[in-house]
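Only one structure is covered here, and it is reproduced in the block below.
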Amino acid sequence: MPELISLKNIESAVVRLTEGGMVAFPTETVYGLGGNAYSDDVVANIFAIKNRPTANPVSVCYASLEASTSDVVITDTAWEIAEKFLPGPITLVLKRTEKSKISRLCSAGADTIGIRVPANAVALDLLQRLPFPLAAPSANRSGQLSHTTPQEVANDLFGIDIIDGGRCERGIESTIVDCSGPQLRILRQGAITMEEIALQCAIPFEKLIIAEKTKQFLLGKRVILNAETITANDALLAFGPQLSNECKYTLNLSESGDINEAARNFFSMLFRLAQKEDVQTIRVMPIPQEGIGKAINARLKSLLR
Ligand code: TXA
Ligand code: MG
């Protein structure tokens, strides 16, 4: 039987992972589905349970960037970003070392590995207890939204043990920075903005480019952004003072207009509205293009495609 593992019992997650199993665990961004990154069999199982295309690489979680030095070549810029932001919501894409023990399945045919050091006490405790890093994509079936609570993970991935760490603090996936070439490429906008990285690490803006990949979600509803009007048959994802309550369902990301609170609620509320069978359209009020709001807007735009 799958288990909702309490924090008192984290050792049982260590046992499960050491035996070659998978465990979902909290990070500060979204829940991850972890398994031994050194094992081809385990990583193959992660791809299988998520129904993930094998061409999509899987990032690897470590307790520190230092712990990854035998598996990836850490560039000066990567050390600098780490010093300012890690542990934290940034994934660094770095070249594999020749002696890297990370399963090649994580690299999906490339010569790089995405390295993540999550700023979550439970995740770090778990990683410190394990003799291997964790291959850990978001804990959802491929194409579905990421999850920020253990209950949502349990409903999406049947039969998986989950460490209960409550709701994720940031709520939006990490910023992915490809440091493997001469230019830094932002492959996914996330909790930390490109501007923050450039500023804090004194990286000239022309060295940073946004190269986001398109992502497909299976929301199953029409989404209208920057909603200024509502209709009785639609659902509304509100932000700040509401337009009105005259639609079928309304959830407010943050009544006080706090962008960080909105990020924490984003995936859960969007998911709950998408579950409503008697709604075809979800209208979303304007989300300010500031801080983590940029990452929210990037995800909303991908729902339109
Ligand atoms: O916040 C996060 O990053 C969460 C938590 C669980 O750590 N993880 C997450 O994993 O969002 P996932 O697999 O859903 O998204 C990671 C993205 C994928 O889209 C993958 O394409 C990209 O990171 N990625 C991983 N390794 C890469 C690599 N070597 N080169 C380029 N992209 C990579
Ligand atoms: Mg994902």
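Computed over heavy atoms, backbone and side chain alike; hydrogens, waters and symmetry mates excluded. Order of appearance sets the numbers: ligands from 1, and atoms from 1 within every ligand.
- Within a 6.0 Å sphere centred on CG of Asp111, other residues, nucleotides and ligands contribute more than 12 heavy atoms.
- Those atoms of ligand 1 with a heavy atom of Gly32 less than 4.0 angstrom away are 6 (C).
- For ligand 1, the atoms lying closer than 4.0 Å to a non-hydrogen atom of Gly114 are 26 (N), 29 (N).
- Nearest protein neighbour of atom 31 (C) of ligand 1, counting heavy atoms only, is Leu187 CD1, 3.6 Å.
- The Mg ion (ligand 2) has no N, O or S atom of Asn140 inside 2.8 Å of it.
- Salt bridge annotation for Glu212-Arg299: absent, with no cationic side-chain nitrogen under 4.0 angstrom from a carboxylate oxygen.
- Of the protein's heavy atoms, Ser174 OG, 2.5 Å lies nearest to atom 3 (O) of ligand 1.
- Scanning all protein heavy atoms for the shortest distance to atom 32 (N) of ligand 1 gives Lys213 NZ, 3.6 Å.
- Looking only at protein heavy atoms, the nearest one to atom 5 (C) of ligand 1 is Thr29 OG1, 3.5 Å.
- Within the model, atoms CD of Glu80 and CD1 of Ile203 stand 6.0 Å from one another, a figure rounded to the nearest 0.5 Å.
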Worked verdict on Leu157 versus His147 for side chain to side chain contact (heavy atoms under 4.5 Å, CB included): CA-CA 11 Å; Leu157 298 174; His147 300 305; over 6 Å; no
Salt bridge (charged side-chain N to carboxylate O under 4.0 Å, His left out) between Glu28 and Arg116, intermediate numbers included: CA-CA 11 Å; Glu28 81 280 35; Arg116 169 117 159 81; 2.9 Å; yes
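- The protein atom (non-hydrogen) at minimum distance from atom 21 (O) of ligand 1 is Asn56 OD1, 2.6 Å.
- In the vicinity of Thr112, heavy-atom distances shorter than 4.0 Å reach the ligand 1 atoms 28 (C), 29 (N), 30 (N).
- Under a hydrophobic-cluster definition in which Ile, Leu, Val, Met, Phe, Trp and Tyr are linked whenever side-chain heavy atoms come within less than 4.5 Å, directly or via other members, Val72 and Phe132 are assigned to the same cluster.
- Compare Pro57, Pro118, Cys61, Ala24 by their heavy atoms: the one nearest to atom 26 (N) of ligand 1 is in Pro57.
- Considering both main-chain and side-chain atoms, Arg52 comes within under 3.5 Å of ligand 1 through a nitrogen or oxygen pair.
- Here Glu11 pairs with Arg129 in a salt bridge; the nearest charged N to carboxylate O distance falls below 4.0 Å.
- The protein non-hydrogen atom at the shortest distance from atom 11 (O) of ligand 1 is Arg188 NH1, 3.1 Å.
- In this structure, Glu255 places its CD atom where only 12 or fewer heavy-atom neighbours from other residues, nucleotides or ligands lie under 6.0 Å away.
- Counting only heavy atoms of the protein, atom 7 (O) of ligand 1 lies nearest to Arg116 NE, 2.7 Å.
- Taking only nitrogen or oxygen atoms, main chain and side chain alike, Ser138 reaches within less than 3.5 Å of ligand 1.
- Among all protein heavy atoms, the one lying closest to atom 17 (C) of ligand 1 is Ile176 CD1, 3.3 Å.
- Backbone and side-chain nitrogen or oxygen atoms of Lys50 are examined, and none is located within less than 3.5 angstrom of a nitrogen or oxygen of ligand 1.
- Here's the thing with Tyr31: none of its N/O atoms is less than 3.5 angstrom from an N/O atom of ligand 1.
- Of all the atoms in ligand 1, the ones that sit under 4.0 Å from a non-hydrogen atom of Ile113 are 29 (N).
- No hydrogens or angles considered: a donor-acceptor pair under 3.5 Å links the side chains of Ser138 and Asn140.
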Residue pair Leu130, Thr18: steps toward the side chain to side chain contact (heavy atoms under 4.5 Å, CB included) verdict: CA-CA 8 Å; Leu130 292 166; Thr18 308; 4.1 Å; yes
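- Counting all heavy atoms, side chain and backbone alike, Ser174 lies closest to Ile90 at CB-N, 3.9 Å.
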